[in-house]
Amino acid sequence: MAGSRCSRKVRLTAFIAIFFAFFATGSSTAQVPLLMWSSDGLPPLALPAAGHIISNDQLTAYLTTALGSGPHTVLLFLQDKLSKDDFTVFGGVFGNKQDSAFQNLEAAVQTSSSSVTLPALEWSGSSAILALLQEKLGVSPLLVDADTLSHLSINTSVSNLLLINLPYCTGLHKSCKEVLHNNDEIIGEVLGIMKAKNVPYTAIYTGLQPSRVISEMSVSDQSVGRSLLQAIGPDVRPIMFNVSGSPCIMLWAQNLNISLSSSSAWIDLATETPSLTGSMCNSSNSVLVLNYSSGYILSFAMSQRFYPVSARNWFTLDSVQLQFNGLTASFIGRRGIYAPAEYSFHCQSVNSFQDALLVPNNTNQNTTQWRLKFIDFQIQGFGLANGTNFSYANDCAGFFTPGIWMGLLTSLLMLLIFVYGLHMIMQLNTMDRFDDPKGPSISVPQSE
Ligand SMILES: *[C@@H]1O[C@H](CO)[C@@H](O)[C@H](O)[C@H]1NC(C)=O
Ligand SMILES: *[C@@H]1O[C@H](CO)[C@@H](O)[C@H](O)[C@H]1NC(C)=O
Ligand SMILES: *[C@@H]1O[C@H](CO)[C@@H](O)[C@H](O)[C@H]1NC(C)=O
Ligand SMILES: *[C@@H]1O[C@H](CO)[C@@H](O)[C@H](O)[C@H]1NC(C)=O
Ligand SMILES: *[C@@H]1O[C@H](CO)[C@@H](O)[C@H](O)[C@H]1NC(C)=O
Ligand SMILES: *[C@@H]1O[C@H](CO)[C@@H](O)[C@H](O)[C@H]1NC(C)=O
């Protein structure tokens, strides 16, 4: 009996080891963002180059200068999980401030006298920030919420570390955005209380762990970037618009299907070679005009903008226009057609009628029937300076590619087996104690 229990334990330990080894492989590239702002000034920090990961040592050095002399009151907003993609996805990336889940946070960062944004802070299995702050300030953290904070009297002649825990969305929540929005309300409330109390503070917003573990590619190293075209073969040529000899916009699609009425057949423009007159590129806007000899003109307008909160430039496909016979139908790129500016955007299917990524924006009644359907579509309008290959592709499919579903289900299955196994073992151990109530009780040696 003891022998079988022992071997079961060995098996369990081995299983746990394998399980964690499996997850640990991804964590070497994991990182969380950190935002820090202060009501009374922070020392400057040279903005890290895009893609550069700040190590814990660098953070320690920075906190030592920032919290060096005198007492400080530090508010640590520690969210269960956070990744910089959260800012992009839920932060009103299309310039719509009303739409952002981080309105109070953005306002606080903007109105504070100084702030520091670390988009990528090294994260190796656990968050070091709380221990670090505890060490720098020499005080234990005080867990507060807005309600207790409002009744708390803060002695500013000593250092204070106030910890505000914030949840992240789990499968149980309706909407991730709602959870982040609620957190943002809490941040707003806490900062309001601090202001009302007239207590100077330094605030930090970060995550206990990353919300997504994406293996971040080095953006500067183009050769690492996956090129879908390389995978397809050397004989496919993307459409390239060159400025002074080097490409500045590239587009590739298996089909560029258009239809002028629901009854007429699809016309595939990808079979024709267009002229590109009228296309343009500058640092903030790119327009690709495909002028086909059959009379159709298809144009793609892209722009890129810097979003401070995610510390990088993002490009969006703003609109697609189809012109024919002097009529124009225009389609607006909806949420989803965007990528980091150094990346390309890829989508297996972009269309203007089902789960539409392109939304018709027609004022002309004569073009309401016009439809677009692009298959295996890839476009890049910025950051092509060094090559004739697409950069790493940001895929519109996101979490819904079959590969990801398969991975997700496999992990879930493994987790289920693991939990089931654990449950069984605990059940068995419990049962052992009641094996034979009339027999002698199991004696456990008390000494170590
Ligand atoms: C604040 O803390 C200092 C140092 O511990 C103490 O001398 C002072 O009395 C405290 N002030 C208040 C208002 O509690
Ligand atoms: C654009 O530039 C690339 C690389 O320099 C070259 O291969 C391609 O032929 C050029 N295309 C045109 C239309 O000039
Ligand atoms: C696109 O149009 C071509 C030519 O009409 C047609 O053969 C092809 O099936 C169409 N593709 C889709 C996905 O509709
Ligand atoms: C780029 O082109 C757009 C559209 O022509 C123009 O509005 C914008 O001012 C230009 N930007 C720069 C930096 O030249
Ligand atoms: C498209 O090409 C035709 C003929 O090559 C030309 O007359 C027309 O102006 C072009 N249209 C645009 C918008 O460049
Ligand atoms: C739209 O179509 C109607 C009839 O088919 C025509 O009379 C009208 O001129 C068209 N409008 C435009 C802007 O071409």
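Atoms within a ligand are numbered from 1 in the order they appear, just like the ligands themselves.
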Polar contact flag, side-chain donor to acceptor under 3.5 angstrom, Ser344-Gln378:
yes
Please check if any side-chain donor atom of Lys373 sits under 3.5 Å from a side-chain acceptor atom of Ser349, or the reverse.
no
Go through the steps to decide whether Thr148 and Asp145 satisfy the test side chain to side chain donor-acceptor pair (under 3.5 Å), and finish with yes or no.
CA-CA 6 Å; Thr148 50; Asp145 56 24; 3.0 Å; yes
Run the numbers for me: atoms of ligand 5, each under 4.0 Å from some heavy atom of Thr277, listed by number.
14 (O)
Please list, in number order, the atoms of ligand 1 under 4.0 Å from a heavy atom of Ser157.
1 (C), 2 (O), 3 (C)
If we number the atoms of ligand 1 from 1 as shown, the ones under 4.0 Å from a heavy atom of Val158 are 2 (O), 4 (C), 5 (O)
[atom] touched by protein (heavy atom, under 4.0 Å):
atom	answer
atom 2 (O) of ligand 5	yes
atom 14 (O) of ligand 1	yes
atom 5 (O) of ligand 1	yes

In terms of heavy-atom contacts, Gln79 and Leu180 come closest through NE2-CD2, 3.3 Å
Contact check: Asn291 vs ligand 5, nitrogen or oxygen atoms, below 3.5 angstrom:
yes
[atom] [closest protein heavy-atom partner, distance rounded to 0.1 Å]:
atom	answer
atom 9 (O) of ligand 4	Asn282 ND2, 4.8 Å
atom 11 (N) of ligand 1	Asn155 ND2, 2.9 Å
atom 7 (O) of ligand 4	Asn285 OD1, 4.7 Å

What do the steps show when you test Phe300 against Phe241 for ring pair (Phe, Tyr, Trp, His ring centres under 6.0 Å), and what is the final call?
CA-CA 12 Å; Phe300 298 84; Phe241 173 61; over 10 Å; no
Going by the atom numbers of ligand 4, which of them fall below 4.0 Å from some non-hydrogen atom of Met280?
2 (O), 5 (O)
Could you list the atoms of ligand 4 found under 4.0 angstrom from a heavy atom of Ser283?
13 (C)
So OG of Ser261 and CH2 of Trp370: to nearest 0.5 Å the spacing works out to 11.0 Å
Can you classify the ring geometry of Tyr296 versus Phe324 as parallel (below 30°), tilted (30 to 60°) or perpendicular (above 60°)?
parallel
Going by the 4.0 angstrom heavy-atom rule, the piece of Ile297 near ligand 5 is side chain
Taking everything shown except Asn155 itself, do over 12 heavy atoms lie less than 6.0 Å from its CG?
yes
Using the rule given for side chain to side chain contact (heavy atoms under 4.5 Å, CB included), can you reason through Ile187 versus Tyr205, listing the C-alpha separation, both sets of side-chain angles and the distance that settles it, and then say yes or no?
CA-CA 9 Å; Ile187 293 174; Tyr205 175 59; 4.0 Å; yes
